[in-house]
Enquirer: 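My questions will all concern the structure given below.
A note on names: the letters A, B, ... follow the listed sequences, proteins ahead of strands, and every chain is numbered from 1. Keep in mind that this is a model prediction, so the values were computed, not measured.
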Protein chains: 2
Amino acid sequence: MRPVAEGPIAERLTEAYSALPEGERAIVRVLLDDYPYAALESLRSLAARASVSPPTATRLFARLGWDGYADFQKAIRSEAREEDRSRLRQFVSGGSAAPSTFEQAADTLRSGLSGTLGSVSEPVLTAVAELLMGSGAVWTIGGPLSELAAEYLARQLAGLRPGVSRVPGPPQARARTMVDIGPRHTIVAYDFRRYSAATARFVAEARKRGAHVVLVTDAWDAPPAPHADHLIALPREAAGPIAPLTYEIAVTELVLVGCAGAAPGSADRLDEVEALTHTLG
Amino acid sequence: MRPVAEGPIAERLTEAYSALPEGERAIVRVLLDDYPYAALESLRSLAARASVSPPTATRLFARLGWDGYADFQKAIRSEAREEDRSRLRQFVSGGSAAPSTFEQAADTLRSGLSGTLGSVSEPVLTAVAELLMGSGAVWTIGGPLSELAAEYLARQLAGLRPGVSRVPGPPQARARTMVDIGPRHTIVAYDFRRYSAATARFVAEARKRGAHVVLVTDAWDAPPAPHADHLIALPREAAGPIAPLTYEIAVTELVLVGCAGAAPGSADRLDEVEALTHTLG
DNA sequence: CACCGGGTGTAACGAACGTTACGGGCAGCT
DNA sequence: AGCTGCCCGTAACGTTCGTTACACCCGGTG
């Protein structure tokens, strides 16, 4: 399979990459970009694709320890053949003795995401999506790190409908924002771990003014939770040694999928945004 | 029938088989027995495996309508490439009966993340982590959406070491930034899909000044790729209907795990940051 | 400034390639 | 028996291949 399961040859190329001269790097890029099919063509067309001369390719394979291009090709072919065979028994759960730090971290992310996606219920997502597409205006807000998720939601959602903004950071600007918030508006708040008192206050005030509140957090007893109409709680145990922004982004994308589904004409809008980007850029 | 899914080429061979003379049948048998790998070797070795002469093979391909062996090989290669792609697509989009939109999206995210985490090689992560912790100064930069990942890396990395900044957006500010960039500095660039010409230019110039460049992208032939010392390529096919920021964040967190591991005293620094946050807030 | 080492492209080489031309061989038909 | 059509291998052809040799350019060093 393409990059999902790379063989040792692709790894060898990847690892050696940074130590290679420019021309040979170009070859490696072509090789990995269309792996393994680029390696099945002739050395000359390979070199042409990389815009270098054939000898440069020859030198690459020599440097990496193969006995010429034919040798390299043979290795690629047998690896592909072998990988094809083993695709059936791809239920190998890794299992190798001592997983490295990275493997541990990767596993944490994998299972954490799985838990995150499993814990959000579909009716809630549907309701949130409808709310976001049906509201008069949408504001997103987040804590020190979660604000990146808030920003992400704002940007993507703005591609689907008008009237989406970030809640500004400074108190005065927040106050000016709050003045106009009313019953037809929706606030999406991201609040995690240490929780932001400012976010809780903002959410509480917005709710008092009749706005709808969607809260993405890590616990049902988070400070702003009482003021939320819809609450998406990510499992806390998913947290690794580092803040798991991955999960926040993931559920945000889930919400966005729902929003896109609820907006039939969104493709046109996205096209127009793109055209305008070009015009203004 | 070793291959799970045979393409039309294999079918063509099978159907024509009975109408073929003995020698050409032998060729077809070899072809189908080790499909499609036998077709990737030379015509001569193919003929040898079938215990016939090379011209017999040539005649087979002419008879079946291809314009020579090279033409046949090209067809085989592109078919294999296409089949590979569609296999991944099917793998990504899931196949169970009628899953809801959200379940589909969730599966996409799950398997996409799995693919992403599987495709990044550990030595590269290690090298990047060491680079990020050992450099004089680190700058992060990203495109319209990827900049969120760049921002995330900058914020988290700043908790582990001093001298981490975002590259500013406006050209003049970028120019002022560039002036001071030199050999002991490192640039981390995120560049995806539509690719940002500005990012590519910045990276190219930085590299010219001797800075190290780490590029996180979705293809080995991305525009800034030629200027990167370390390249982390996320599988392109993993992309769903929406931009997969989840994956970018995930590999960023993987890198951060490596950085944290390379900095023993980072806990103290984080504590101090927290205390200062309280003091200044 | 001269020097040096590494990286690269151009040009030329020999080898292997796929193809074509030709002739022997064999079955089936007249 | 002779003829005919098809199949197939041998031999030679021209092409394309991967490799090597060599000269140029560039950045770093004494």
Enquirer: Report yes or no: is the cationic atom of B/R12 (NZ for Lys, CZ for Arg) closer than 6.0 Å to the six-membered ring centre of B/W66, at no more than 45° off its axis?
Expert: yes
Enquirer: List in numerical order all residues of residues 53-69 of chain A for which some heavy atom is under 4.0 Å away from an atom belonging to DNA chain D.
Expert: A/P54, A/P55, A/T58, A/G68, A/Y69
Enquirer: Assess whether a salt bridge exists between B/K74 and B/D71, defined as any Lys/Arg side-chain N lying under 4.0 Å from an Asp/Glu carboxylate O.
Expert: no
Enquirer: Please tell me which of A/R44 and B/P21 maps to the more 5' nucleotide of DNA chain D, matching each residue to the nucleotide holding its nearest heavy atom.
Expert: B/P21
Enquirer: Taking the minimum atom-to-atom distance to the side chain of A/S42, which one of C/dG18, C/dT8, D/dG18 wins?
Expert: D/dG18
Enquirer: To the nearest Å, how far apart are B/L43 CG and D/dT15 P?
Expert: 19 Å
Enquirer: State which residue, out of A/L43, A/L20, A/L46, fulfils the side chain to side chain contact (heavy atoms under 4.5 Å, CB included) condition with A/L60.
Expert: A/L20
Enquirer: Taking atom types as modelled, find out whether A/E24 and A/T56 have a side-chain donor-acceptor pair closer than 3.5 angstrom.
Expert: no
Enquirer: Whole angstrom is fine here: how far is it from CD1 in B/I27 over to P in C/dG18?
Expert: 11 Å
Enquirer: For the pair made of CG in A/D71 and C1' in C/dA16, what is the distance, rounded to whole Å?
Expert: 17 Å
Enquirer: How many whole angstroms separate atom CD of A/E41 from atom C1' of C/dC17?
Expert: 17 Å
Enquirer: Just the rounded figure in Å: distance from C1' of C/dC17 to CD of A/Q73.
Expert: 13 Å
Enquirer: Given side chains that start at C-beta, do those of B/F202 and B/T177 come closer than 4.5 Å, heavy atoms only?
Expert: yes
Enquirer: Rounded to the nearest angstrom, tell me the gap between atom CZ in B/F72 and atom P in C/dG18.
Expert: 12 Å
Enquirer: When the distance from CD of A/E24 to P of C/dG9 is rounded to whole Å, what number comes out?
Expert: 10 Å
Enquirer: Indicate whether any N or O donor in one side chain lies under 3.5 Å from an N or O acceptor in the other, for B/Y190 and B/T199.
Expert: no
Enquirer: Just the rounded figure in Å: distance from P of D/dC17 to CG of A/L46.
Expert: 12 Å
